[in-house]
2 protein chains.
Amino acid sequence: MRKQNSTNALNEQQLTFNCPIASTLKMVGGRWKLIIIWNLREKSFRYKELQRSIPNITEKMLTQQLSSLVEDGWVQKKDYGEIPPRTEYSLTPLGKSFIAVLEHIYDWGKSNNIIGIANARYGNE
Amino acid sequence: MRKQNSTNALNEQQLTFNCPIASTLKMVGGRWKLIIIWNLREKSFRYKELQRSIPNITEKMLTQQLSSLVEDGWVQKKDYGEIPPRTEYSLTPLGKSFIAVLEHIYDWGKSNNIIGIANARYGNE
DNA sequence: TTATGTACATACAATAAAGTGCGTACAAAT
DNA sequence: ATTTGTACGCACTTTATTGTATGTACATAA
């Protein structure tokens, strides 16, 4: 749980307060959220499908990040109420509109060889 | 210091390995780096100027993030070798080219009222 | 002569994020 | 009768990030 009054939390809050970029990052930052969104860009996924399509993500992380994305309105969940359980995740209109932004970053990263730069510095022999 | 072999670190590494978006985020993620880059978009700044222009950033954070950005090739530093010290920070071509991406995010965030959404969820009365 | 400003460095503490290892309930397949 | 699969929940530990409190060296201003 977060400490509401830590300098840490307050700093983050003030930054998001007047910057769309910081606000965006606050909601989709972290290791997994963008990957989840990116995976959902073309079609909806069931929970386990999503898990299989994202290497190394644990169930805890997937559940946690998904529910946060749902709360924040980027992803929507359809629960079929069946047993065994079946759920389906897809992007909301907000999430879909964000794909254009991601594609922009993607293209920029490719034309600037960002993977190469990152690997050179942070290692991946 | 980072633990090279933690699952944590390995996961991050594998994600950046083949995704320009993850690679980009790895280099400019965190609380302060984008703000620093954003501040430098129009002109170069001296160290203390930058500090004054970014509310609440501590000297440790500013120094640390700046040197990381310099290492990664987003920002360049000019040290005048004077006493009292004088240094100047500005964007490299890579950093400058990234401003277009940030503007894109900025515009998207504005038209989608991201600040409003973020504040509604994470509070800022 | 005491204070102020510059651009840092560093030990340490606090906070946040991510990962591990368990358990649930029910159903169908082996 | 035991295993496998689905979609989670939760207590706990490990890592990572951020912040706090100092100190440095020299110079000019009050």
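Every chain is numbered from 1, with letters handed out A, B, ... down the list of sequences.
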Whole angstrom is fine here: how far is it from [atom1] in [X] over to [atom2] in [N]?
X: B:L62; N: C:dC8; atom1: CG; atom2: P; value: 8 Å
X: A:N5; N: D:dT18; atom1: CG; atom2: P; value: 19 Å
X: B:E82; N: D:dT28; atom1: CD; atom2: P; value: 11 Å
X: A:K26; N: C:dA16; atom1: NZ; atom2: C1'; value: 12 Å
X: B:L34; N: D:dT17; atom1: CG; atom2: P; value: 15 Å
X: B:K33; N: D:dT17; atom1: NZ; atom2: P; value: 9 Å
X: B:L15; N: C:dA17; atom1: CG; atom2: C1'; value: 15 Å
X: A:Q13; N: C:dT15; atom1: CD; atom2: P; value: 15 Å

A:K78 to A:Y89 six-membered ring, cation-pi geometry met (6.0 Å, 45°):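 Geometry flag: not set, cation outside 6.0 Å or 45°.
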[N], OP1 or OP2 - any side-chain N/O from [X] closer than 4.0 Å?
X: A:N11; N: D:dG19; answer: yes
X: A:R31; N: C:dG19; answer: yes
X: A:S6; N: C:dA16; answer: yes
X: A:N8; N: C:dA14; answer: no

Candidate pair A:R2 and A:N8, rule side-chain hydrogen bond (donor to acceptor under 3.5 Å, both in side chains), full reasoning: CA-CA 10 Å; A:R2 287 189 138 241; A:N8 202 325; 5.6 Å; no
Short side-chain to backbone donor-acceptor contact, B:S53 and B:L50, under 3.5 Å: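 Here the side-chain-to-backbone pair exists.
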Per-nucleotide protein contact string for nucleotides 4-12 of chain D (B base, S sugar-phosphate only, - none; heavy atom under 4.0 Å): -BBSBSBB-
Test item: side-chain donor near acceptor, B:W74 and B:T92, under 3.5 Å: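 Distance-only check fails for B:W74 and B:T92.
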Closest nucleotide among D:dA16, D:dT20, C:dA18 to the A:W32 side chain: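 Within the option list, the nearest is C:dA18.
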Proximal nucleotide (of D:dT15, D:dT18, C:dT15) relative to the B:K3 side chain: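 Of D:dT15, D:dT18, C:dT15, D:dT15 is nearest to the side chain of B:K3.
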Least distance between heavy atoms, B:S97 atom then B:L94 atom: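 Result for this residue pair: OG-O, 2.9 Å.
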Non-neighbouring partners of A:E71 that pass salt bridge (Lys or Arg N to Asp or Glu O under 4.0 Å), sequence neighbours left out: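 Scan of A:E71 (salt bridge (Lys or Arg N to Asp or Glu O under 4.0 Å), adjacent residues dropped) gives none.
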side-chain hydrogen bond (donor to acceptor under 3.5 Å, both in side chains) between A:Y47 and A:T63, intermediate numbers included: CA-CA 8 Å; A:Y47 179 87; A:T63 302; 2.9 Å; yes
